[in-house]
> 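Before we start, here is the structure in question, set down as structure tokens.
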Amino acid sequence: MKLHDFLRRETRPFEPLRPGRVTVYGCGPTVYDFAHIGNFRTFVVYDLLHRHLRWRGHEVGFVVNFTDVDDKTIRGAADAGRLLGEHTEPYARAFLDDAGALGFLPFSAHPRATAHIPAMVAFVENLMEKGHAYRGADGSVYYSVPSFADYGRLSGKREDAEAGRSRTGAGDFDKRDPRDFALWKAAQPVDEQVGAVWESPWGPGRPGWHLECSAMARSLLGDTIDIHLGGEDLLFPHHENEIAQSEAATGRTFARFWLHVRHLKVDARKMSKSLGNFHTVRELLDEGYDPAAIRWALLAAHYRSELNFTRAGLDDATASVQRLLDFRRRVRECPAAPGSGAGLAIRSRERLAAFGSAMDDDLNVPRALAVLWTLVREVNTALDGAGGRMAGEEREAVLEALAGMDGVLGVVDLAAESRRTPDADDERVRDLVEARERARANRDFAAADRIRAELAAGGIRLEDTSEGTRWTRVRGPP
Ligand code: AMP
Ligand code: ZN
């Protein structure tokens with residue numbers, strides 16, 4: 001497997017530091033509001049990497065934190081007149097619900113920054129002892145950027161003082177160097193108001209955002225992690241500062257591979273509330289979109305390429321997912337051809353291998369999807385030419401290849417799940433489909449059409465084929 005490491009600006013072979021176990025840290029959501037589909041583009045890539053590593057036989061320790069104390073969460077809690085935890089917990093749960101709706105494998109841990117304050121305090125103490133941090137007059141503690149010679153290696157920015165301030169805020173006048181950033185922030189009245197204050201050797205305060213990730217990654221995964229992930233906006237200053245903190249504290253490489261996900265655009269523009277193109281996963285689900293289609297729309301582009309989210313794209317994704325479901329049903333239900341045939345079985349195994357190689361190539365999803373569609377086309381063509389039949393061995397191999405690919409993509413089972421209804425309901429549909437077939441056999445087309453309309457109103461789509469009537473449950477926008 002190869003991954004693109006942004007730090008060294010190269011795509012190179014990936015092997016975990018400790019054989020058999022891969023450690024991954026992905027910067028998680030800041031829980032002051034619902035995560036939007038842009039955030040979820042990044043998180044879907046986390047899930048893809050997680051699935052692919054597991055598929056390749058690795059055990060994976062995958063940590064995705066909740067940023068539940070920072071300027072935004074404190075401001076959000078204050079504006080809502082709530083305590084910090086009262087404000088953030090519902091959004092943390094909403095993230096887990098949305099991740100579940102999009103079929104994510106459970107990550108290993110979702111540490112909340114507020115549950116790891118002692119580790120953060122110890123981290124700062126360590127940095128102070130080593131001369132990488134100093135206390136300002138108000139009780140805030142700053143990281144001394146000039147004390148870390150490698151600063152700027154990730155982003156290529158060594159002198160950009162202004163950008164370094166963007167998410168650190170108050171107390172800047174205490175800094176010895178404009179690039180220095182807060183590790184610990186002395187308590188402000190608004191922090192007291194929402195209960196975001198902890199004791200420390202430097203007085204009451206709260207951790208800086210960058211410190212949170214360094215401390216949680218170290219506590220849960222060790223000094224050196226294999227892969228660190230985040231959206232491209234986190235490259236600077238957040239990830240640059242994480243490296244400075246962690247490597248100064250431990251003297252070791254912090255992350256061996258740095259992956260950054262390109263930002264999602266909506267209708268070719270930056271997503272923002274004021275442009276009205278700001279969507280959350282739950283809004284799209286409420287509109288009736290299939291979760292598997294949302295997932296498909298977010299993963300179909302390569303993670304380092306631009307991805308533009310549009311309704312038309314979501315409709316295409318809905319059609320792609322439906323096509324895959326129909327394909328799987330056709331293969332599952334096709335009658336066995338007499339004798340044995342191995343052609344499609346061999347082909348399916350080759351396609352599965354090609355799919356795996358594409359994913360091994362820095363998660364090249366577009367190439368992997370092209371392989372998937374080739375398999376679909378080949379099998380459909382073979383079925384068309386053989387009266388819809390296939391040898392049993394071939395059918396097993398095709399289904400196995402499809403299941404293998406879906407183990408990484410996570411869409412087909414998810415789509416089937418979202419269409420699943422109680423068995424009794426399915427039985428009623430089967431009865432109606434049979435009644436319609438009887439009506440057609442009796443040339444009572446009015447009755448047949450009535451039944452079709454009744455089924456359509458219930459979200460059931462019929463397809464009359466030479467092998468009989470197939471039905472599918474259609475979810476999605478009307
Ligand atoms: P935040 O909740 O702002 O801390 O962001 C959570 C994750 O979503 C981070 O990894 C961000 O880099 C990522 N992210 C934010 N906006 C977008 C976007 N428009 N497209 C893709 N990822 C994003
Ligand atoms: Zn982070």
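Note that the structure is predicted; figures quoted are calculated from it, not measured. As the structure lists them, so they are numbered: ligands from 1, and atoms in each ligand from 1.
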> Could you tell me whether ligand 1 has any atom less than 4.0 Å away from a heavy atom of A35?
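So A35 does not count as touching ligand 1.
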> Determine, for Y142 and R176, whether the Lys NZ or Arg CZ falls below 6.0 Å from the six-membered ring centre while staying within 45 degrees of the axis.
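Because its charged atom misses either the 6.0 Å distance or the 45° angle limit, R176 does not stack over Y142.
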> Return yes when F40 approaches ligand 1 closer than 4.0 angstrom through a heavy atom, no otherwise.
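Contact absent.
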> Quick check on D233 - does any of its heavy atoms sit under 4.0 Å from an atom of ligand 1?
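It does; at least one heavy atom falls under 4.0 Å.
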> When you compare ligand 1 with R41, is there at least one nitrogen or oxygen pair between them that comes in under 3.5 angstrom?
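No, R41 has no N/O under 3.5 Å of an N/O on ligand 1.
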> Between F327 and Q322, is there a side-chain heavy-atom distance shorter than 4.5 Å?
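With C-beta onward as the side chain, the pair stays apart.
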> Under the salt bridge (charged side-chain N to carboxylate O under 4.0 Å, His left out) rule, collect the residues that match up with R8, sequence neighbours excluded.
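R8: salt bridge (charged side-chain N to carboxylate O under 4.0 Å, His left out) contacts with E10.
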> Restricting to N/O/S atoms, is H238 within less than 2.8 Å of the Zn ion (ligand 2) or not?
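Checking the Zn ion (ligand 2) against H238, an N, O or S atom does fall under 2.8 Å.
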> Is there any N or O on W209 that sits under 3.5 Å from an N or O of ligand 1?
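Checking ligand 1 against W209, no N or O pair falls under 3.5 Å apart.
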> Is D68 salt-bridged to R112, going by a charged N under 4.0 Å from an acidic O?
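No salt bridge links D68 with R112.
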> Run the contact test for T67 against ligand 1 with a 4.0 Å cut-off on heavy atoms, strictly below, and give the result.
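Not so, T67 does not reach ligand 1.
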> So, are E232 and R304 salt-bridged, with charged N and O less than 4.0 Å apart?
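Salt bridge: no.
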> Nearest heavy atom to atom 17 (C) of ligand 1: which of K72, K265, H263 does it belong to?
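Minimum heavy-atom distance to atom 17 (C) of ligand 1 goes to H263.
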> Specify side chain, backbone, both or neither for H36, according to which of its non-hydrogen atoms lie closer than 4.0 Å to ligand 1.
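The answer is the side chain.
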> Considering both backbone and side-chain atoms of G231, is one of its nitrogen or oxygen atoms within less than 3.5 Å of a nitrogen or oxygen in ligand 1?
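For ligand 1, there is an N or O atom that lies under 3.5 Å from one belonging to G231.
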> Would a line drawn from the ring center of F40 to the ring center of F95 be shorter than 6.0 Å?
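Here the rings of F95 and F40 have centres that are less than 6.0 Å from each other.
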> Please check whether G230 reaches ligand 1 - meaning an N/O of the residue sits under 3.5 Å from an N/O of the ligand, judged on distance alone.
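Not met; the criterion fails.
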> For ligand 1, which atoms have a heavy atom of L264 less than 4.0 angstrom away?
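Result: 18 (C), 19 (N), 20 (N), 21 (C).
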> Please confirm whether the ring centroid of H228 lies under 6.0 Å from the ring centroid of F254.
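Under 6.0 Å, so yes.
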> Identify whether the distance between the nearest side-chain nitrogen and carboxylate oxygen of R262 and E306 falls below 4.0 Å.
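Yes, this pair counts.
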> Hey, is Y46 touching ligand 1 through its side chain, its backbone, both or neither, going by heavy atoms under 4.0 Å?
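Y46 to ligand 1: side-chain contact only, backbone stays beyond 4.0 Å.
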> Which residues satisfy the side chain to side chain contact (heavy atoms under 4.5 Å, CB included) test with E192, sequence neighbours excluded?
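By the side chain to side chain contact (heavy atoms under 4.5 Å, CB included) rule, E192 matches A187, V197.
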> Where is the tightest heavy-atom contact between P111 and L220, given as atom of each residue plus distance?
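Between these two residues, the closest heavy atoms are CG-CD1, 3.4 Å.
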> Decide whether an N or O pair under 3.5 Å exists between L234 and ligand 1.
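Such a contact does not occur with ligand 1.
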> Strictly under 2.8 Å, is the Zn ion (ligand 2) approached by any N, O or S atom of C27?
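Within the cut-off used here (under 2.8 Å), C27 does place an N, O or S atom near the Zn ion (ligand 2).
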